[in-house]
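Below: one structure, written as structure tokens.
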Amino acid sequence: MAPSHSVARYREIAEILVSNGLAALAGQTGLLGHVPESLRRRAGGPDAADGGGAPGPVPGPVRLRQALEQLGPTFMKLGQMLATRDDLLPAAYTEELTRLQDHTPPAPYEQIAQVVREELGMDPLEAFEMFEEAPLATASIGQAHRARTLDGTEVVVKVRKPGVEDIVAEDLGILRHLAGIADREWETARDVDVEGLASAFDRSMRRELDYRAEAANAQRFAADLAEDPVVRIPRVFTALSTSRVLTEEFAAGMRITDREALDAAGVDRPALARAATRSIVKMVLVDGFFHADPHPGNMFVREDGCIWLIDFGMVGELSRPVREDIVRLTFSLARPDSDGVAASLLRLAPPQGPHDARRFDQDVQALLDTLEGHALADISLSAFFEKLTTLLRRHRLQLPADVSTLLRMLVLTESSAVLLDPTFHISAVLEEVLPVALAQIWGPQALLTRLGESGMQALRLGEEAPARVRRMLDGYESRGVAVHIDPDDLEPLVERIEATGDRIVAGVTMGAMLVGVGRVAAAGVERSHRGLRDPLMLAAGGATLVLGAYLAAGAGPARSLARMVTRRAR
């Protein structure tokens, strides 16, 4: 049952869903009981075809977008998050959700001034030399005002609207409750882990309400891009910023959609598109921390040809293992290597249930066949990602949230760059940045780190080895040797090694292991301690050294990197 203090909001949500022809969705989340019978009959009831009582010919994606807009700030942010999840929703829905418009009117200036007083301890015209009453921009959570600091710096002050936090907190509680119902009653919801998605959205939304998190994001980007020749990050004024107020340097410039102004200023649009995109891709593959919403409204071109990147509420962060898998996936696509692509996808999106490996491999090969005859630099990223996410949905593979956000970010980046240069393809920039990312993963410093980690593991193994060998010999003396080889046990190891693209090393490694097993078996016939120890230790040591050196140095990828660098040098 819904919490009593939220009954009115539950009813409002249910009525908005039903009135927009989404009665089926209301039923699957347990909301229909909050809808008056008269409204249910007027909307067509929950048993209408797919639309659940769709009024007229309005498409389902449009009706969902309209309902989210009517439901307010929390649900609009939910729609924006779902717009990044092409692996969960059909393209028609994600595309429509990118059109979500925030129609919330601005808060009165006196309310904004009161928030500033509460947060900064003084009136806006005491904290700033100038503070415009009319907002520069407004959204459902906050609004931005132009201002000037006491030292004369032009700034933008973002102020969270009064009362928003309570509204969002109530809606987040309702969403978690509805997600629990859907997870119990709706098989599709269980397949995509709706409860997990609701929890992740809850955390993201609460961070977005705290402007200190956005300030920290801006400062991190400024540090990562300090030496970048093109992208600029506005300065954060920490003394004039709190959880509800954020003061940043004003990013004055031309919109990237204004080609006439850019040409009049002498901006080399193709060169700028390439350079700015290179910086954004570097955020992903090298830094692992990226701006998740690089649409045209968040980028302005300065007169010196550099680009301001603003609005750091939506960001993504990738761990080193995930970043490495993305680099491997990109590298395998460039070769192309279907085994490498399949292995990388399964590492990024492990199956949650039964998985038809043979069918999956066939579908991956079919996907790569569509790229045959095309260089990576000529591929349309948005078209390719649409095919890729269709494949993932078919096999019920769910990408981590940050990886899904990354895919959408790359498509947005390509779309923004095309506004500067209609011939632009982001794949060409990926091809340029890939060697740098590969060098970071398999370069000398990375190898030293890996060898250090491997050394600690080897040290622990060395400390445990005498006791393990002693127990093994005691067991040999009392029971003899029985050799059992189960192909199913060996297959995962072979697949793991072969996935890196170096089958020769896999053969050597497995050969060493099998030789060791054979010698152990032979030694068992002679029942000789000396005949056992020598071949066992030699074979085990050889296999361990070969496998350890391969894993530490990344033999196959390292040689592939060398071939790539050689080709580019030519």
Side-chain angles (χ1 to χ4, degrees), residues 217-235 249-312 314-316 318 323 326-327 330-331 334 375-382 406-440 564-565 568-569:
N217 293 338
Q219 291 168 323
R220 181 170 174 182
F221 281 122
D224 288 346
L225 298 170
E227 304 299 323
D228 191 273
V230 174
V231 178
R232 299 288 181 267
I233 306 298
R235 171 190 168 196
E249 181 181 5
F250 178 65
M254 299 165 279
R255 292 187 174 274
I256 65 171
T257 55
D258 193 347
R259 293 185 186 177
E260 291 184 5
L262 295 173
D263 291 341
V267 174
D268 186 340
R269 290 189 286 109
L272 181 60
R274 196 176 191 89
T277 303
R278 188 184 300 114
S279 300
I280 292 174
V281 170
K282 173 184 171 293
M283 289 182 194
V284 176
L285 298 183
V286 179
D287 301 329
F289 185 68
F290 60 92
H291 192 297
D293 199 25
H295 63 74
N298 284 338
M299 290 184 281
F300 297 91
V301 182
R302 306 190 335 173
E303 291 189 358
D304 62 2
C306 293
I307 280 188
W308 283 116
L309 188 60
I310 67 169
D311 194 352
F312 306 99
M314 293 178 62
V315 299
L318 304 174
R323 201 158 69 247
I326 291 171
V327 171
T330 308
F331 184 72
L376 182 62
D378 297 329
I379 296 172
S380 167
L381 210 61
S382 57
L406 165 64
L407 298 187
R408 175 179 176 270
M409 183 276 281
L410 292 175
V411 171
L412 277 176
T413 300
E414 183 176 57
S415 300
S416 296
V418 166
L419 295 173
L420 292 169
D421 175 15
T423 67
F424 179 84
H425 280 302
I426 195 174
S427 305
V429 175
L430 285 171
E431 196 171 44
E432 288 181 20
V433 178
L434 188 58
V436 179
L438 285 168
Q440 185 192 49
M564 173 181 283
V565 172
R568 293 187 68 82

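FYI, side chains are in, hydrogens and waters are out, and symmetry mates aren't considered; it's all heavy atoms of this structure.
- Minimum heavy-atom separation, Leu412 to Ala292: CD1-O, 4.4 Å.
- Remark: the backbone N or O of Phe289 is not paired with any side-chain donor or acceptor of Asp287 at under 3.5 angstrom.
- Judged as a ring-ring contact (aromatic ring centres under 6.0 Å, His included), and not counting sequence neighbours, the contacts of Phe312 are Phe221, His291.
- Between the side chain of Arg235 and the backbone N or O of Glu249, no donor-acceptor pair lies under 3.5 Å.
- The shortest non-hydrogen separation linking Ile233 to Val231 is CD1-CG1, 4.2 Å.
- A pairwise comparison of heavy atoms in Met409 and Phe290 identifies CE-CD1, 3.7 Å as the closest pair.
- In terms of heavy-atom proximity, Met254 sits nearest to Ala261 at SD-O, 3.6 Å.
- The side-chain hydrogen bond (donor to acceptor under 3.5 Å, both in side chains) search around Asp421 returns Thr423, not counting sequence neighbours.
- Interatomic distance, Asp293 CG to Asn298 CG, rounded to the nearest 0.5 Å: 5.5 Å.
- Judged by distance alone, with hydrogens and angles left aside, the side-chain atoms of Ser279 form no donor-acceptor pair with the main-chain N or O of Leu225 at under 3.5 Å.
- Separating the CG atom in Leu406 from the OG1 atom in Thr413 is a distance of 9.0 Å, to the nearest 0.5 Å.
- Across all non-hydrogen atoms, the minimal contact from Met299 to Leu309 is CG-CD1, 3.6 Å.
- The distance from the CD1 atom of Ile256 to the CG atom of Leu419 is 5.0 Å, given to the nearest 0.5 Å.
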Arg278 vs Val230, side chain to side chain contact (heavy atoms under 4.5 Å, CB included): CA-CA, chis, key distance, verdict:
CA-CA 10 Å; Arg278 188 184 300 114; Val230 174; over 6 Å; no
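- Contact record, Pro234 with Ala251: CG-CB, 4.4 Å, taken as the closest heavy-atom pair.
- The structure places CG of Asp268 at 11.0 Å from CG of Leu262, a figure rounded to the nearest 0.5 Å.
- Atoms CG and CD1, on Leu285 and Ile280 in that order, are 12.5 Å from each other to the nearest 0.5 Å.
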Kindly determine whether Lys282 and Asp224 satisfy side chain to side chain contact (heavy atoms under 4.5 Å, CB included), including the steps that lead there.
CA-CA 10 Å; Lys282 173 184 171 293; Asp224 288 346; 5.5 Å; no
Residues Val267, Leu420; criterion side chain to side chain contact (heavy atoms under 4.5 Å, CB included); working and verdict:
CA-CA 10 Å; Val267 174; Leu420 292 169; 5.9 Å; no
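- Remark: the backbone N or O of Arg302 is not paired with any side-chain donor or acceptor of Trp308 at under 3.5 angstrom.
- Distance check: Asp228 CG to Met283 CE gives 7.5 Å after rounding to the nearest 0.5 Å.
- At a threshold of 4.5 Å between non-hydrogen side-chain atoms, the residues Arg255 and Pro296 do not count as touching.
- Using a 4.5 Å heavy-atom threshold, the side chains of Arg259 and Pro422 count as touching.
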